[in-house]
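Below: the structure, in structure tokens.
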Amino acid sequence: MKICCIGAGYVGGPTMAVIAFKAPDIQVTVVDMNAVRIAEWNSDTLPIYEPGLDEVVKQARGRNLFFSTDVKGAIAAADIIFVSVNTPTKTYGVGSGRAADLRFIESVARTIAEVATTPKIIVEKSTIPVKTAETIQNILAANTLGVTFQVLSNPEFLAEGTAVQDLFNPDRVLIGGERTPEGEQAVATLAGVYARWVPRERILTTNLWSSELSKLVANAFLAQRISSINAISALCEATGADVDEVANAIGKDSRIGPKFLKASVGFGGSCFQKDILNLSYLCESFGLPEVSAYWAGVVKMNDYQKQRFSAKIVRSLFNTVADKRIAVLGFAFKKDTDDTRESAAINVVRDLLAEQANVVVYDPKVTAEEINLDVLGKGHANPRLTVATSAVEASRGAHAIAIVTEWDEFKTLDYAKIFEGMHKPAFIFDGRNILDLAKLRAIGFRAFGIGK
Ligand code: NAD
Ligand code: UGA
């Protein structure tokens with residue numbers, strides 16, 4: 001069996017590496033039009049940072065895992081084609097700022113229709129609006145050789161930072177297909193790939209539309225939990241309740257559960273905001289404005305939380321941060337990844353720069369180029385924004401420290417020593433609630449957390 005995956009990003013790369021690792025008899029080729037990315041997948045420095053990924057790639061690469069820019073060749077040779085291209089929020093035209101931009105999906109479907117000479121199973125791995133399979137089927141019907149295609153939906157539930165672990169041991173694998181004999185056959189073929197390492201009872205099969213919609217709904221429910229606890233964090237700050245204590249108390253109720261209740265500076269990442277906006281837009285398109293507004297509220301709450309954090313810094317530093325040095329620790333949208341897409345850090349740094357602070361950022365995995373690009377945009381510079389090579393360096397001479405990403409190394413810094421080198425009064429704002437505020441206050445810090 002030959003598998004091809006179009007899109008060598010945060011999903012395509014790790015997902016295919018794990019399939020190849022677990023199924024040595026299947027030849028897996030990952031293709032991308034980005035030649036630099038493919039060269040990196042073929043080098044010792046992979047294009048993405050993900051714990052455990054190097055080992056998996058090293059084991060399988062060159063054996064049955066290949067990375068290539070030959071998109072058409074890989075399509076022609078494959079029995080199963082995973083489509084794992086990006087589906088960002090549209091930035092133009094109808095639905096701008098809300099709808100999913102499906103131009104990359106459409107372009108891939110056209111290429112498959114053009115190149116395929118043998119029957120193929122096309123697997124939607126990207127997150128897409130419900131009914132996208134219909135669009136793909138319509139485009140594939142343009143194939144002039146009368147080749148038959150089965151389109152399946154197989155959304156990916158991995159989280160960055162734990163991708164390898166999530167792929168090795170998924171809560172479930174979801175496969176949606178047409179309820180026809182050919183559709184059922186295609187579903188069974190794909191299920192057979194995952195069954196090499198995933199217990200059968202965790203492989204769920206549904207109709208196409210349930211599978212497509214379940215992905216957006218899963219992300220919406222996860223993000224909703226964060227916005228819910230973050231909304232309560234604001235109330236905690238106003239009342240003297242401690243949000244971690246509240247989260248612990250409600251999470252003990254087995255109907256609520258303890259996970260995804262960590263109050264924070266706001267959720268980031270390439271998917272939650274994009275997918276909820278997409279869900280909200282879909283609801284509106286189907287004539288359901290109330291449902292649309294309900295889900296849009298989750299994103300609105302998140303915007304409020306990000307802005308609330310930087311506003312609190314300014315207010316606490318006597319209503320002005322102008323010319324003050326603020327150390328921002330962490331820039332990635334969560335720990336154990338180098339991904340900065342939609343990271344709350346971008347908003348926090350921009351807000352502080354707008355107040356004319358001198359911002360020094362440190363992140364263990366994100367490069368200075370990426371930080372400048374994300375905050376200022378291509379070709380722009382601002383002397384107030386600098387990047388340090390350690391947390392200690394960033395904090396030296398600072399008036400305040402803001403922790404934005406929960407990297408483990410920030411939990412064990414020598415804060416007493418750091419305090420000595422800072423302007424007094426020295427402030428610390430823990431946007432991830434990873435530090436013991438009482439200990440920091442004993443050192444002399446004016447310490448604040450989220451919801452406490
Ligand atoms: P990404 O931007 O990291 O990777 C997408 C890749 O597709 C890019 O390298 C791009 O060059 C390539 N590409 C685009 N059009 C192409 C074409 N026509 N031919 C060849 N290559 C093409 O994106 P990602 O984070 O891997 O996400 C991909 C999809 O998976 C999205 O729909 C996303 O919502 C979904 N998803 C992402 C995650 C995550 O944690 N990042 C998790 C689950 C699902
Ligand atoms: C999320 C989902 O968890 C995955 O299941 C899904 O596949 C993926 O989106 C996707 O579709 O892309 P990801 O965005 O990689 O994964 O990372 P998460 O662990 O979900 O974290 C998202 C954001 O929420 C991060 O900024 C994180 O710090 C924040 N978060 C998470 C909190 O603020 N509090 C929490 O309790 C949990």
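In this chain, numbering begins with 1 at the start of the sequence shown.
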Once rounded to the nearest 0.5 Å, what's the spacing between atom [atom1] of [X] and atom [atom2] of [Y]?
| X | Y | atom1 | atom2 | result |
| --- | --- | --- | --- | --- |
| W295 | L277 | CH2 | CG | 13.0 Å |
| D408 | K335 | CG | NZ | 3.5 Å |
| K22 | F168 | NZ | CZ | 4.5 Å |
| F333 | T405 | CZ | OG1 | 10.0 Å |
| Q305 | S264 | CD | OG | 6.5 Å |
| I203 | L190 | CD1 | CG | 8.5 Å |

Between [X] and [Y] (side chain of the first, backbone of the second, donor and acceptor by atom type, cut-off under 3.5 Å), is there such a pair?
| X | Y | value |
| --- | --- | --- |
| S280 | I276 | no |
| E156 | L158 | yes |
| R325 | N358 | no |
| R225 | K259 | yes |
| N302 | G266 | no |
| T340 | S343 | no |
| R384 | Q356 | yes |
| H423 | A398 | no |
| D336 | P51 | no |
| S292 | C283 | no |

Is it the case that over 12 heavy atoms from other parts of the model lie below 6.0 angstrom from the [atom1] atom of [X]?
| X | atom1 | result |
| --- | --- | --- |
| D253 | CG | yes |
| K300 | NZ | no |
| K439 | NZ | no |
| D414 | CG | yes |
| Y304 | OH | no |
| Q165 | CD | no |

Any heavy-atom pair between the side chains of [Y] and [X] that's under 4.5 Å?
| X | Y | value |
| --- | --- | --- |
| V375 | V361 | no |
| N219 | L222 | yes |
| P129 | L102 | yes |
| R341 | Y10 | yes |
| I48 | D339 | no |
| P14 | L167 | yes |
| S270 | E160 | yes |
| I26 | I80 | no |

Please lay out, stage by stage, how K274 and E342 fare under the test salt bridge (Lys or Arg N to Asp or Glu O under 4.0 Å).
-> CA-CA 9 Å; K274 144 177 107 63; E342 304 296 342; over 6 Å; no
Going by an N to O cut-off under 4.0 Å, is there a salt bridge joining E124 and K215?
-> no
For L329 and L413, run side chain to side chain contact (heavy atoms under 4.5 Å, CB included): C-alpha distance rounded to whole Å, both residues' side-chain angles, the deciding distance at 0.1 Å, then the answer.
-> CA-CA 11 Å; L329 302 189; L413 292 171; 4.1 Å; yes
Residue pairs fulfilling ring pair (Phe, Tyr, Trp, His ring centres under 6.0 Å) with at least one residue in residues 247-270, sequence neighbours excluded | F267-F272
Which ring pair (Phe, Tyr, Trp, His ring centres under 6.0 Å) pairs, counting each pair once, include a residue from residues 431-452, with sequence neighbours left out?
-> F419-F445, F429-F448
Should Y362 and F410 be marked as a side chain to side chain contact (heavy atoms under 4.5 Å, CB included) after you check the CA-CA gap, both sets of side-chain angles, and the distance that decides it?
-> CA-CA 11 Å; Y362 165 69; F410 302 155; 3.7 Å; yes
CA sep, side-chain torsions, deciding dist, call: K262, E406, salt bridge (Lys or Arg N to Asp or Glu O under 4.0 Å) | CA-CA 11 Å; K262 188 78 189 157; E406 73 281 26; over 6 Å; no
